Every structure is written in structure tokens, then in C-alpha cells.
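Note that this is a predicted model, so its numbers are computed, not measured. As the structure lists them, so they are numbered: ligands from 1, and atoms in each ligand from 1.
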Amino acid sequence: MLVLFRKTPILGAFLAQVVALPVVAAVTAPLSTSVERLPLIAIALVLQGLIAAGITRALGLARWWLLIAFLFPLAMGSAFLIGNLPAWPFGLAFLALALVFSNTTRGRVPLYLTNRETASVLTDMMRDRGATRVLDLGCGLGGVVRALYGEGRRARGVENAPAVYLAARLLSVLTGKGEIRRGDLWKTDVSQEDIVYAFLSPAPMAALWQKLSTEMKPGSLFVSNSFAVPDIDPDEIWELSDSRKTRLFLYPIGAKD
Ligand SMILES: C[S@@+](CC[C@H](N)C(=O)[O-])C[C@H]1O[C@@H](n2cnc3c(N)ncnc32)[C@H](O)[C@@H]1O
């Protein structure tokens, strides 16, 4: 059960609020005759946040969920208290967030981007290896794909967040650089690539290595930005001198396990 909540933390966060609710109601009900309405609501919201945060901790969720669990009731309560807020900005914000981040709840890979320095190092790496095909798994806005495309190199990217994919595709079409496809990285054919690049999160790395080590061709290379494959020694680790001190983990395919 705890594994489920660690894999899909939003379920744990939801459960924490639901469980906290009757506890807060039971604790604050006796106060309703003696405490003013506003202070009572404030007490209830803070209590709700504290209990929910405690539950998310007990469920083993990452530390930032504590903050979310604590702040969520306060934000909801404030919105209700202010009253008469127009609904459309919230709807619009929800839609925009869903189109960019809806895949994050399942895949646990949010959007952040490879910087120029890293893309330039990757270009040099391709030149040095004489690599002509590269695939960015979860290509975000497609910056890496566009940077690596050219001089006879074919660069492709796959992305499953709808709005992010659309932006990447548009930029690719407008610049005439690279190929962006909407799809799931887990279902993407990697067998023809010289280099597969990924900048994801710790969550998928073990399963990703399972896929890549069996499906990529011998002599090809998997490069992971920032996240190592657990229990597998990379052949090399490149530490870049960019501001975030990017580390690239290099895993040759067919070399060793
Ligand atoms: C950290 S970003 C990296 C973006 C890009 N590769 C870069 O380095 O600039 C990871 C991207 O992977 C995408 N992603 C996550 N899970 C995915 C999946 N199962 N299939 C395709 N894309 C996915 C996310 O939407 C996000 O845009």
C-alpha cells in the first residue's frame, strides 16, 4: 500500500486531506460556541494542514508534499473567505497546468530543460563519435533535438505532455530542425539510434535501463543527464562546468551490465 502512495503521491496527498477532515471537525466542533467564526476557521485550517502534513509524512511521501499538504487547506479556505472570485482564471490555470504537467502524476518526470552548454557538449560528443542518429526521450520543448540536428545528424524527440509537445513540434517545424513525435517514451523504438539521451528523474531510471539495454543496438550509447541508473556503473561521468554543474552519465550498450 505504501509503495502505491510513493509511486503515485497525489493519491497519498488526497487521502491525507480526507482523513484529516473528520478529525478536525471533531476537534473544532466543541469550540464553535466559545470561539469567533474567523479565528475558528483559521484554527481548523491550520489543524487540517498540520494533520494532513503528518499523514503524508507517515505515508512516506517526499518532504515537499508536507508543505503542499499544509498550504492546500489554507489556500482553499482563503479563496472561500475572499468569496466572489471569478472562476475562469482558475479554470484556465488548471487547463494550462494539466496540458503541461498532466503526465507528471503518473510518470513522475516534470518539465525542466537541458541548458545550452550541455547541448553543445552533446553536439561535440556526436561529432567525436561520428554518431548520426540521436533520440531525446521526453524531449520537452525540443531544445536538445534542434541543437543536435544538422551536419548530417538526424535528431528526434518524443514527448507526451500535450502542450509541451505542440510547442516543441511548432518550434521544430518553424526552424526546420529535428523531428518531434507525440508519444510515450516507453513505447518508442530505440533500436536504430546511435545515442539515446534522457533528462528525466530518479523514478524511471531502473525501468528505462531495462528497456534501453535490451532494445538499443550494440555499440550505441545511452546518455542520462543528472540521473544515474541505480546499481549500474556508468562507463564515464562527465562533469560539466556550467552553472548547475551538470553531470552526464554515459552507458555504452553491449559493453557491460
Ligand atoms: C526534464 S524534461 C526534459 C526535457 C528535454 N529532454 C530537455 O532536456 O530539455 C522531461 C520531459 O519528459 C516528458 N515525459 C515524461 N514522461 C514521458 C513519457 N512517458 N513519454 C514521453 N515524454 C515524457 C515530460 O513531459 C518532460 O517534458
Notebook entry, point to check: Would R181 and T188 count as having a side-chain donor-acceptor pair, cut-off 3.5 Å?
Noted result: yes
- Message: Evaluate R156 against E193 for salt bridge (charged side-chain N to carboxylate O under 4.0 Å, His left out), listing each step before the verdict.
- Response: CA-CA 10 Å; R156 297 190 306 135; E193 308 305 323; 2.6 Å; yes
Salt bridge (charged side-chain N to carboxylate O under 4.0 Å, His left out) filter on K177, not counting sequence neighbours, yields none
- prompt: Any side-chain donor-acceptor pair under 3.5 Å between Y197 and N225?
  reply: yes
Measure and list all N/O to N/O distances between ligand 1 and the protein that fall under 3.5 angstrom.
from	atom 1	to	atom 2	distance (Å)
ligand 1	6 (N)	D136	OD1	3.1
ligand 1	6 (N)	D136	OD2	2.9
ligand 1	6 (N)	G138	O	2.7
ligand 1	8 (O)	T114	N	3.4
ligand 1	8 (O)	T114	OG1	2.3
ligand 1	9 (O)	T114	N	2.9
ligand 1	19 (N)	N160	ND2	3.4
ligand 1	19 (N)	D184	OD1	2.8
ligand 1	20 (N)	L185	N	2.9
ligand 1	22 (N)	N160	N	3.3
ligand 1	22 (N)	N160	OD1	3.3
ligand 1	25 (O)	N103	ND2	2.7
ligand 1	25 (O)	E159	OE2	2.6
ligand 1	27 (O)	E159	OE1	2.8
ligand 1	27 (O)	E159	OE2	3.3

For E151, the salt bridge (charged side-chain N to carboxylate O under 4.0 Å, His left out) test, sequence neighbours excluded, returns R127, R153
Applying salt bridge (charged side-chain N to carboxylate O under 4.0 Å, His left out) to E117 and not counting sequence neighbours gives none
